[in-house]
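For reference, positions follow the sequence shown, starting with 1.
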Amino acid sequence: MAAASPSRPRVLVDADALFAGAASPSEHGASLTILRMAEITLIEAVAPQQVITEAERNLTQKLPEVLPAFWLIVHRCLRVVPDPLPAELDHYRGLAHPKDLPVLVTSVQLECRWLVTFNLRDYQPGHPDVSVVRPGTFVQRVREQIAYLSAVEEV
């Protein structure tokens with residue numbers, strides 16, 4: 001019998017990180033790197049419909065020329081899920097800015113250990129099951145885990 005494969009880390013990508021990934025002038029930006037990790041199935045990246053709508057609206061207003069790249073990223077890299085119902089938010093009131101509460105609740109409901117955003121303060125005080133981090137911090141933590149695995153293999 002084959003050993004069970006470990007599950008992929010589940011990461012919720014907020015609208016600002018999605019915007020940054022789609023608009024990235026470089027292939028090396030942290031937001032785009034996270035989306036590429038999802039594309040090659042190292043992680044599972046998810047986003048509620050609210051995130052997609054917000055990122056699309058902002059790109060349409062500021063950088064409409066990158067919309068084709070945005071949609072390609074959405075289809076290749078993200079699992080888009082429905083927004084939580086208003087009644088599902090009640091238990092979590094006060095854990096995030098009201099506008100961002102559905103995003104935090106989606107993270108909790110889908111057991112996303114990570115929520116990647118540039119707007120950390122919008123997710124305060126947060127939820128104990130979700131680490132809210134900037135894209136660069138998440139990429140650094142992945143690098144540290146890979147380095148750790150490499151060191152363990154050498155022993």
Shortest non-hydrogen contact from G94 toward P125: O-CD, 3.0 Å
Residues R36, E39: salt bridge by 4.0 Å N-O rule: yes
L32 side chain reached by E27 side chain, heavy atoms, under 4.5 Å: yes
Joint hydrophobic cluster, F118 plus V132, side-chain heavy atoms closer than 4.5 Å: no
Step-by-step side chain to side chain contact (heavy atoms under 4.5 Å, CB included) determination, R143 to F138: CA-CA 9 Å; R143 285 183 182 134; F138 181 79; over 6 Å; no
From OH (Y92) to CD (Q109), nearest 0.5 Å: 6.0 Å
Close side-chain approach of R113 to V130, heavy-atom, < 4.5 Å: no
T33 side-chain N/O to G29 backbone N/O, donor-acceptor pair under 3.5 Å: yes
Spacing of CD belonging to Q124 relative to CG belonging to L95, to within rounding of 0.5 Å: 10.0 Å
Residue pair L35 / G21: nearest heavy atoms and the distance that separates them: CD1-CA, 4.0 Å
Minimal non-hydrogen separation, T117 against P135, with atom names: O-CD, 3.6 Å
Full working for side chain to side chain contact (heavy atoms under 4.5 Å, CB included) between V51 and D14: CA-CA 6 Å; V51 162; D14 197 8; 3.8 Å; yes
Shared hydrophobic cluster for V13 and L110 (ILVMFWY, side-chain gaps under 4.5 Å): yes
Cluster link M37 to Y148, ILVMFWY, side chain under 4.5 Å: no
Side chain to side chain contact (heavy atoms under 4.5 Å, CB included) evaluation trace for K62 with R57: CA-CA 9 Å; K62 298 173 183 172; R57 181 183 64 243; over 6 Å; no
Check: E44 and V11 side chains under 4.5 Å, non-hydrogen atoms: no
Main-chain N/O of Q50 paired with D83 side-chain donor or acceptor, under 3.5 Å: yes
Contact check, side chains of F70 and L18, non-hydrogen atoms, under 4.5 Å: yes
Side-chain heavy-atom pair R134, V116 within 4.5 angstrom cut-off: no
Minimum-distance pair of heavy atoms, taken over all atoms of A20 and S31: CB-OG, 3.6 Å
Heavy-atom closest pair, residues C112 and V46: SG-CG2, 3.4 Å
Whether over 12 other heavy atoms sit under 6.0 Å from E111 CD: no
Gap between atom CG of L12 and atom OG of S107 - 0.5 Å precision: 4.0 Å
Heavy-atom side-chain proximity of E54 to F19 below 4.5 angstrom: no
Pairwise distance CD1(I34) to CG(L42) - rounded to 0.5 angstrom: 12.0 Å
Any donor-acceptor pair under 3.5 Å from E88 side chain to L85 backbone: yes
Closest non-hydrogen atom pair, L59 against A22: CD1-CB, 4.0 Å
Pairwise distance CG(L120) to CG(L115) - rounded to 0.5 angstrom: 9.5 Å
CZ (R93) with more than 12 external heavy atoms under 6.0 Å: yes
Any donor-acceptor pair under 3.5 Å from T106 side chain to P102 backbone: yes
Side-chain donor-acceptor pair present, N119, D16, cut-off under 3.5 Å: yes
More than 12 heavy atoms of other groups within 6.0 Å of R76 CZ: no
Criterion side chain to side chain contact (heavy atoms under 4.5 Å, CB included) on Y123 and L101, from CA distance to verdict: CA-CA 8 Å; Y123 294 97; L101 187 60; over 6 Å; no
R10, CZ: over 12 other non-hydrogen atoms inside 6.0 angstrom: yes
Distance in Å, S24 OG paired with I73 CD1, rounded so as to fall on 0.5 Å steps: 8.5 Å
